[in-house]
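Encoded as structure tokens, the structure appears first; notes follow it.
Protein chains get the first letters and strands the later ones, always in sequence-line order, with residue 1 at the start of each.
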Amino acid sequence: VSTPTVVSDGSTGAQNARVVYGAALVQLATDHPDVVALTADLMLSHQLKGFRDAHPERFFNVGIAEQDLMGIASGLALDGKVPFATTFAAFASMRAHEQVRTDIAYPGLPVKIVGTMGGLSGGTAGPTHSGLEDLGVMRMMPGMTVIAPSDPRHLTQFVRQAYELPGPVYVRLGRGEDPLVYPDGHQVRIGTAVTATEGDDVTIISTGVMLRHALAAAGRLAAEGIGARVLDMHTVKPLDSDAVARAGEETGRIVTVEDHLVTGGLGSAVAECITDLGVPCRLVRLGIPDLFSVIGPPAELYREHGYDDTGIERAVRQLLTPNRSAHGPS
Amino acid sequence: MADPATVERLEGKALEMRKRLLRLASHTSLHIGGDLSMSDLMTAIFEYLMRVDPERPEWPERDRFVLSKGHGAGALYISMANRGFFDVEEIYATYGELGSRFGMHPCRNHLPGVEMSTGSLGHGLSIAVGLALAARLDGRTNRVVTLIGDGELNEGSIWEATMAAAHFRLGSIVAFIDKNDMCMDGPQDDVMRVNPVDAKFAAFGWDVVTVDGHDMAALVDAIDGLPPATTDRPTVIVAQTVKGKGVGFMEHTTTWHSGQIDAATLAECYAELDRRYGRSVGSGAVGA
């Protein structure tokens, strides 16, 4: 676990993760001639026009054809390129699932897949365009690294670190305009959770853009003397099992928070971890329940499904109640 | 016109491949029908078209081959053995055993020289597009050759890649279609019509060559007639073939899409092949 860090409450502003990604990729490709970028008719949406202008010979728009996107990326990687293939999370993980699994993960190729509109971040777009199960299905592929950054500025580091990894990487983003959480220049490392706040009564483990909600809940609980540790589990695979085990042993209670179906993603990974390691602790998993969500603004959907800051706070209080119900918080 | 001595050599190789395939089908259940329909194609590709070096499977300038119809792995293994990638006897000795390099579908992780692991249909052409783009970026002029089954043309991803190969002007791509007009459940056009295959590829902007996939002289001519890899249109060679070609009871039927034969049947198959091809180039037996 990295050193505890002073974290803002998100009031310092927001930044579009796609803009950060596009700029990071241009710089990476300038430094490394083997970097190529592919998109499936989302050049404008995913802020790749700068890449096309800077490195036109290394930019490939394959049209609305996500299976082809992944197959072509595979072929480029077979011959020494490091492709960054970008599309919506739902299509990267579902439409092209088999190409990702068979053509990229099976041969262990260094294709870096970036999926946007993870979870209900694209709320009004509805379930057809929402990556609800991407963390889960990507996590199941042997050799796949799965990342969901919590702060858009971390993407610059993650893009570079993903490039350096020899195998495939999946990077999951939201819709954009995500809050800045960390001070500028904060360092992050794939596979190492960040202890965003310390606490000994309970641990909230969040991934992706839910960190802001976890911190808001922890802040309110702290005002009442409840010490909530917050772990920013930006890397869902490989999971930082040391950080999870320590959290379970030291706080005895864990709440996981993800903008993802509550099955298969971070919560499942943490449950597997504490089971495998025999960590004696309680666990409550927050996320999208086992249903296809209604349409709505993301913030209202997070509240509706009980995994925004108020839902997290409620879950923690229930966990801390001595005569707790046998059931979960919602 | 194809050089007669070359054609005769290749015909001998194709006959040998059929025998070796049948011998393998006497060891294990094999996709023998499709293996036999592609035997002449694979012989022409590996023994005449492809520039590869078995001593240097990663040689950058090599031609790339992606077996899109990955269930034709038997024919690929034997083609590779014939080129010297490994001893053909290793196939018979280890096929399907725990940790073997040889299974029903080819795996690049375990068998150097296999360009790409395949088996799930409809994937090979997209991968070929990526390989061709990489070659262009690196200034290489190698070809990217793929062999696709006609049943596989039902997969939508094939047509995504067909579009892309033309759009990106990838003249280094040469796609062979093993058009045996059969899939697992019956005649291709009864199950899901793909004809006319040639017109479809032409409509997508490809150069199209149609050929009898069992006429070695015609295959050599088609290969000789390929434009340089630097041309800007991909080429498809639509090869009319017969599923099970060479063994009467396996021809034109789905029964032998995959299957296993006994030793007596194997001997009869060898005899029929020698009779039909008017020569004997040994058998698939040990030492052949």
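When each of B/Ile158, B/Val129, B/Leu133 is checked for heavy-atom pairs under 4.5 Å with chain A, B/Leu133 comes out on top. Here B/Gly130 is the residue among B/Gly156, B/Gly130, B/Ala132 with the most heavy-atom pairs under 4.5 Å with chain A.
Other residues, nucleotides and ligands place more than 12 heavy atoms under 6.0 Å from the CG atom of A/Leu277. Counting heavy atoms of neighbouring residues, nucleotides and ligands inside a 6.0 Å radius, atom CZ of B/Arg51 exceeds 12 of them.
With sequence neighbours left out, B/Thr241 forms a side-chain hydrogen bond (donor to acceptor under 3.5 Å, both in side chains) with B/Asp178.
Across every non-hydrogen atom of A/Ile72 and B/Ala164, the tightest pair is CD1-CB, 4.1 Å.
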Suppose we count any N or O donor within 3.5 Å of an acceptor, strictly below that value; which pairs fall between chain B and chain A?
| from | atom 1 | to | atom 2 | distance (Å) |
| --- | --- | --- | --- | --- |
| B/Arg64 | NE | A/Asp79 | OD2 | 3.1 |
| B/Arg64 | NH2 | A/Asp79 | OD1 | 2.7 |
| B/Arg64 | NH2 | A/Asp79 | OD2 | 3.2 |
| B/Asn109 | ND2 | A/Tyr106 | O | 3.0 |
| B/Ser120 | OG | A/Glu98 | OE1 | 3.1 |
| B/Ser120 | OG | A/Glu98 | OE2 | 2.3 |
| B/His123 | ND1 | A/Asp103 | OD1 | 2.9 |
| B/His123 | ND1 | A/Asp103 | OD2 | 2.8 |
| B/His123 | NE2 | A/Glu98 | OE1 | 2.9 |
| B/Ser126 | OG | A/Asp68 | OD1 | 2.4 |
| B/Asp138 | OD1 | A/Lys81 | NZ | 2.4 |
| B/Asp138 | OD2 | A/Lys81 | NZ | 3.4 |
| B/Glu160 | OE1 | A/Asp68 | N | 2.9 |

